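As structure tokens, the structure follows; a few thoughts come after it.
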Amino acid sequence: MNVDNVKSQMRKGMLEYCILLLLHREPSYASDIILKLKEARLIVVEGTLYPLLTRLKNDDLLSYEWVESTQGPPRKYYNLTPQGEIFLSGLESAWDELTNTVNHLRTIKNCIQ
């Protein structure tokens, strides 16, 4: 088993949560989402992001609006729907439970060493 493979799977598993967290703050254009994720050291390419955004929209967790741009064609800005806000709240609870569990197990590991 390869640590990099597991790390990649872990990142993929939390990507949806991270995107919803970003969109909770403010509506964003896909390129802005990629930039913010990159700033957080979570590298995502367009080929990964766009299908995920489409799936989230199809699940009624996101909506979008077209906004005119001074630098080219109109841009699609994504934002959370009320259902997306509820879903994000559920993910936040799940994340808190998961981090508490992992931190507890890390504490046990450190006590044994």
Side-chain angles (χ1 to χ4, degrees):
M1 190 179 276
N2 183 320
V3 172
D4 288 334
N5 289 342
V6 173
K7 184 178 172 181
S8 175
Q9 290 302 312
M10 291 170 75
R11 286 176 180 243
K12 285 179 187 176
M14 49 185 250
L15 180 58
E16 184 173 305
Y17 177 44
C18 292
I19 290 169
L20 295 176
L21 284 171
L22 288 173
L23 294 175
H24 173 74
R25 284 187 44 219
E26 63 184 344
S28 295
Y29 177 59
S31 294
D32 292 337
I33 294 170
I34 290 172
L35 180 62
K36 290 173 186 173
L37 292 171
K38 186 183 289 188
E39 288 171 357
R41 299 187 321 196
L42 184 60
I43 306 302
V44 177
V45 295
E46 288 181 6
T48 300
L49 181 64
Y50 282 108
L52 180 53
L53 291 172
T54 298
R55 185 175 58 76
L56 293 171
K57 187 199 175 299
N58 290 342
D59 290 343
D60 294 323
L61 302 177
L62 298 182
S63 62
Y64 65 80
E65 67 176 308
W66 290 99
V67 176
E68 291 296 325
S69 171
T70 59
Q71 301 173 339
R75 295 180 176 183
K76 190 185 288 188
Y77 278 79
Y78 293 89
N79 56 298
L80 289 182
T81 62
Q83 188 173 339
E85 292 285 353
I86 293 168
F87 188 74
L88 175 59
S89 179
L91 289 179
E92 288 176 321
S93 295
W95 180 257
D96 290 342
E97 289 175 22
L98 183 60
T99 57
N100 287 336
T101 299
V102 170
N103 288 335
H104 175 75
L105 294 172
R106 290 180 74 199
T107 300
I108 291 171
K109 174 190 166 267
N110 291 336
C111 289
I112 294 172
Q113 292 179 347

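Here the structure is a predicted model, which is why all the values come from computation and not from measurement. In this chain, numbering begins with 1 at the start of the sequence shown.
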Considering only Ile, Leu, Val, Met, Phe, Trp and Tyr, and joining two whenever side-chain heavy atoms are under 4.5 Å apart, list the other residues clustered with Val67. Tyr29, Tyr77
Taking the hydrophobic residues Ile, Leu, Val, Met, Phe, Trp and Tyr, and joining any pair whose side-chain heavy atoms are under 4.5 Å apart, which ones share a cluster with Val3? none
Using 0.5 Å steps for rounding, measure from the CG atom of Asn103 to the CD1 atom of Ile108. 11.5 Å
Identify each donor-acceptor pair in which a side-chain atom of residues 90-102 lies under 3.5 Å from a protein atom, sequence neighbours left out, and give them as a table.
from: Ser93; atom 1: OG; to: Ser89; atom 2: O; distance (Å): 3.4
from: Thr99; atom 1: OG1; to: Trp95; atom 2: O; distance (Å): 3.1
from: Thr99; atom 1: OG1; to: Asp96; atom 2: O; distance (Å): 3.1
from: Asn100; atom 1: ND2; to: Asp96; atom 2: O; distance (Å): 3.1
from: Thr101; atom 1: OG1; to: Glu97; atom 2: O; distance (Å): 2.9

Can you tell me how far the CG atom of Leu62 sits from the CD1 atom of Ile19, to the nearest 0.5 Å? 8.5 Å
Not counting sequence neighbours, which residues clear side chain to side chain donor-acceptor pair (under 3.5 Å) with Arg55? List them please. Glu16
Who passes side-chain contact (heavy atoms from CB on, under 4.5 Å) against Asn2, sequence neighbours left out? Asp4, Asn5
In short, side chain to side chain donor-acceptor pair (under 3.5 Å) pairs touching residues 58-70 with sequence neighbours left out are Ser63-Asn79
Straight-line distance of Thr48 OG1 to Glu46 CD, nearest 0.5 Å: 10.0 Å
Pairs involving residues 72-88, ordered by first then second residue, that meet salt bridge (Lys or Arg N to Asp or Glu O under 4.0 Å) (sequence neighbours left out): none
The criterion is ring-ring contact (aromatic ring centres under 6.0 Å, His included); which residues satisfy it with Phe87, sequence neighbours excluded? none
Interatomic spacing from CG in Leu21 to OH in Tyr17 - rounded to 0.5 Å: 4.5 Å
Members sharing Met1's hydrophobic cluster, built from side-chain contacts under 4.5 Å between Ile, Leu, Val, Met, Phe, Trp and Tyr, are Val6, Met10
CD1 on Ile86 to CG on Leu80, rounded to 0.5 Å: 11.0 Å
Chi angles and distances behind the side-chain contact (heavy atoms from CB on, under 4.5 Å) call for Leu88, Leu61: CA-CA 9 Å; Leu88 175 59; Leu61 302 177; over 6 Å; no
Would you tabulate the side-chain donor-acceptor contacts of residues 31-43 under 3.5 Å, counting partners in other chains and residues two or more places apart, or write 'none'?
from: Lys36; atom 1: NZ; to: Glu26; atom 2: OE2; distance (Å): 2.7
from: Lys36; atom 1: NZ; to: Ser28; atom 2: OG; distance (Å): 3.3

